[in-house]
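The chains referred to below are lettered A, B, ... by the order of the sequence lines, with proteins before strands, and numbering in each begins at 1.
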There are 2 protein chains.
Amino acid sequence: MKRPTIKDIAAAAGVSKGAVSLALNGRAGVSESTRARVLDVASALGYRPSVTARALSSASADAVGLVLVRPPRALGDEAFFFQLIAGMQSEMSCALLLQVVASREEEIALYQRWWAEHRVDGVFLVDLLVSDPRVSLMSSLGLPAVVVGGSGHHGSLASVWADDYAAMTSVVEHLKSLGHRRIARVAGLSSLLHTVRRDAAFASSVVDGVVVAGDYTAESGAAATRDLLSGEAPPTAIVYDNDVMAVAGAEVAASLGVSVPSELSLVAWDDSVLCQHGRLTALSRDTFAFGARAARALVSVIGGASPTDVQDVLPELVVRGSSGPAPGGSAP
Amino acid sequence: MKRPTIKDIAAAAGVSKGAVSLALNGRAGVSESTRARVLDVASALGYRPSVTARALSSASADAVGLVLVRPPRALGDEAFFFQLIAGMQSEMSCALLLQVVASREEEIALYQRWWAEHRVDGVFLVDLLVSDPRVSLMSSLGLPAVVVGGSGHHGSLASVWADDYAAMTSVVEHLKSLGHRRIARVAGLSSLLHTVRRDAAFASSVVDGVVVAGDYTAESGAAATRDLLSGEAPPTAIVYDNDVMAVAGAEVAASLGVSVPSELSLVAWDDSVLCQHGRLTALSRDTFAFGARAARALVSVIGGASPTDVQDVLPELVVRGSSGPAPGGSAP
DNA sequence: GACCCTAGCTAAACCGGTTTATCTCCGGCT
DNA sequence: AGCCGGAGATAAACCGGTTTAGCTAGGGTC
């Protein structure tokens with residue numbers, strides 16, 4: 001089964017290759033009657049232009065790229081990215097090139113390769129680092145890119161972000177209003193920009209806060225929680241940087257006989273089925289819509305628009321059974 | 001920043017384009033000294049062949065495709081696919097083109113398009129239907145494909161599958177050995193081949209089984225469970241076709257005051273964090289490894305190997321707190 | 001020394017598009 | 001009538017590779 005090429009269309013319609021190209025792309029240079037004839041022939045033959053050939057003439061690759069740096073097996077639990085990807089797809093007509101790599105170095109090499117190979121028209125940058133080499137790489141390559149989930153403006157790149165600072169503040173305020181004073185935080189990877197932002201917000205709104213580092217796995221969430229609860233002045237509330245660690249923390253609390261929420265309040269960052277079933281109070285954001293917004297931004301940058309920063313709506317705190325008034329204290 | 005092309009290499013090395021191509025691809029026709037010189041120049045200039053141009057000369061597209069048919073928002077909860085994708089990536093050096101579409105028609109159109117556009121070297125087919133039009137489409141297009149999670153052999157395509165029949169039988173046997181007789185099943189979409197296989201296995205090993213249709217969502221799992229438990233002869237055990245429905249079912253049971261596992265045993269198909277935290281007995285399979293196996297199969301088919309059927313290891317039943325001896329009865 | 005063979009390379013065609021230069025009409029204007 | 005302009009089409013170059021046909025020089029054979 002041989003697919004028809006532009007040459008076949010030209011022959012069948014009795015015109016030249018060039019005329020066919022002009023006709024199909026709706027450009028001036030052919031008469032309306034010829035255009036109509038060409039379109040007829042093309043659809044009759046089931047013609048589809050080869051992206052490959054088209055990309056060669058320095059046109060578009062009709063694809064965008066996303067690289068995730070993860071230990072491969074850990075990926076499955078991260079509903080966040082799948083939601084994000086689904087949202088991106090909803091706003092893109094082109095395909096998404098997805099690759100999971102194990103290190104930052106590979107990631108950078110991959111971007112360069114995709115660019116050199118003319119494989120993508122643009123890329124999404126996720127998991128932004130504190131001082132991220134990718135930002136300047138993109139500018140130097142001239143590869144359209146959108147920073148997803150950074151913190152505001154990044155070099156000359158477009159950006160779609162949520163205000164982690166304000167979000168963290170709102171969580172802490174909620175806990176404070178419930179009478180909590182000793183609030184702890186189980187943070188995510190400290191190399192990530194949003195972790196730093198949340199740390200800063202946490203530090204500035206909690207007087208006597210404790211921060212324990214985690215890495216988003218259930219194990220680290222459990223370990224951190226155990227440490228916190230076995231200290232001499234255990235916190236009355238813990239804020240986790242993701243859902244997996246929070247759920248693990250809830251289990252540790254249960255196993256230690258610490259009852260939630262009467263003795264301990266728990267809040268998760270990023271809502272999910274996991275939180276819903278664990279009846280965990282969670283900071284919920286519409287990740288799907290977030291992805292869609294990112295895709296729109298990338299599409300417009302690729303289209304030549306000047307990069308803009310789009311701020312996502314503030315995440316909303318969904319209060320469930322895991323948070324309540326501070327124990328013993330006199331709630332205001 | 002202009003990337004170097006084969007012409008630049010040729011000029012720098014003082015040879016022709018053709019010679020450079022031969023040298024870089026390790027083919028005969030150039031002397032070893034010339035080859036070495038060309039390679040030196042190429043690496044010095046940071047040369048990377050354009051996949052685009054290469055694909056044009058009817059070589060490979062260096063990418064494989066995967067199309068998922070889902071209502072976009074539903075995707076985030078399906079850890080299964082993310083695991084699968086991660087596993088695939090681990091065994092592929094090429095990129096994965098991923099697209100989520102809403103209907104089977106779009107899916108078929110997309111495969112045809114990718115093929116016509118020379119975009120992929122091969123594709124994965126998931127969610128196989130009872131009589132799936134994609135199977136013959138692939139043969140007629142001549143597009144290398146691997147059926148992932150079908151049931152054995154499919155036309156002339158390679159296949160990587162797990163024995164759902166045997167797996168279901170093993171689950172039922174486990175429940176029977178605990179003394180259960182009235183066993184119910186909350187099935188997945190009846191259009192899917194594996195649902196039919198599981199139905200058949202269930203029907204043949206359970207004497208008085210009830211099957212309720214579900215669609216993998218928490219809502220359908222909850223509704224099905226409510227129906228089952230409010231009947232006149234409620235089952236003592238329920239087997240769910242995925243983790244989300246099972247967890248939802250567990251909640252319904254709790255809300256109805258039916259205690260698990262003393263009054264009701266629950267088993268989920270496909271293990272996940274959700275099951276682990278819900279302490280649900282689950283049929284666990286290594287989805288990551290499954291994806292890796294599928295990728296290997298596709299790579300070899302693309303490489304020209306004749307399609308083979310690879311059977312995955314039998315899923316293993318992980319017994320947790322949600323299953324136990326049948327109530328009242330005399331367990332053997 | 002004439003002949004042939006082959007290693008090593010170049011030139012050119014080709015893949016399937018886009019784009020530009022060119023060519024040919026045809027109509028309008030002076 | 002002569003000139004100009006523009007619409008409509010074509011031929012050809014180009015993108016960056018691969019592949020094939022053809023050329024040349026050198027060595028071996030008789």
Taking the side chain of [X] as its heavy atoms from C-beta onward, which of [options] lies nearest to it?
X       : options                : value
A:Ile6  : C:dG17, D:dG17, C:dC15 : C:dG17
A:Ala19 : C:dC9, D:dT10, C:dG16  : D:dT10
B:Tyr47 : C:dG17, D:dT18, D:dG17 : D:dG17

Polar side-chain atom of [X] near backbone of [Y] as donor-acceptor pair, under 3.5 Å:
X        : Y        : answer
A:Asp121 : A:Ala61  : yes
A:Thr287 : A:Phe290 : no
B:Arg27  : B:Leu22  : no

Legend entry - A:Ser136 versus A:Ser139, side-chain donor and acceptor atoms under 3.5 Å: no

Inset, instruction - Would you mind telling me which residue lines up with the more 5' stretch of DNA chain D, A:Lys17 or A:Gly29, judged by nearest nucleotide? - result: A:Gly29

Under 4.0 angstrom, heavy atoms only, what part of the nucleic acid is [X] near: base, sugar-phosphate, or nothing?
X       : answer
A:Arg48 : sugar-phosphate
B:Arg27 : sugar-phosphate
B:Val15 : sugar-phosphate
A:Lys7  : sugar-phosphate
B:Thr52 : nothing

Nearest whole Å is fine: how far is [N] [atom2] from [X] [atom1]?
X        : N      : atom1 : atom2 : value
A:Glu32  : D:dA7  : CD    : P     : 13 Å
B:Leu22  : C:dG8  : CG    : C1'   : 10 Å
A:Leu56  : D:dA13 : CG    : P     : 17 Å
B:His118 : D:dT18 : NE2   : P     : 15 Å
A:Leu24  : C:dG17 : CG    : C1'   : 11 Å
B:Ile9   : D:dG17 : CD1   : P     : 8 Å

Inset, instruction - Begin with the C-alpha distance, continue with both residues' side-chain angles, and end with the deciding distance and a verdict on side chain to side chain contact (heavy atoms under 4.5 Å, CB included) for B:Val120 and B:Trp115. - result: CA-CA 7 Å; B:Val120 293; B:Trp115 159 243; 5.9 Å; no

Presence of [X] side-chain N/O under 4.0 Å of [N] phosphate oxygens OP1/OP2:
X       : N      : value
A:Ser16 : D:dT10 : yes
A:Ser21 : C:dT18 : yes
B:Arg54 : D:dT18 : yes

Legend entry - Passing candidate, side chain to side chain contact (heavy atoms under 4.5 Å, CB included) with B:Leu298, options B:Val146, B:Val148, B:Val160, B:Val123: B:Val146

Legend entry - Minimum heavy-atom distance between B:Arg48 and A:Ala116, given as atom pair plus value: CB-CB, 3.8 Å

Inset, instruction - Please list residues of residues 36-45 of chain A whose heavy atoms come under 4.0 Å from any atom in DNA chain D, ordered by number; otherwise none. - result: none

Inset, instruction - For salt bridge (Lys or Arg N to Asp or Glu O under 4.0 Å), just list the numbers for B:Arg54 and B:Asp62, CA-CA rounded to whole Å, side-chain angles, deciding distance to a tenth of an Å, and then say yes or no. - result: CA-CA 10 Å; B:Arg54 184 174 276 169; B:Asp62 201 26; over 6 Å; no

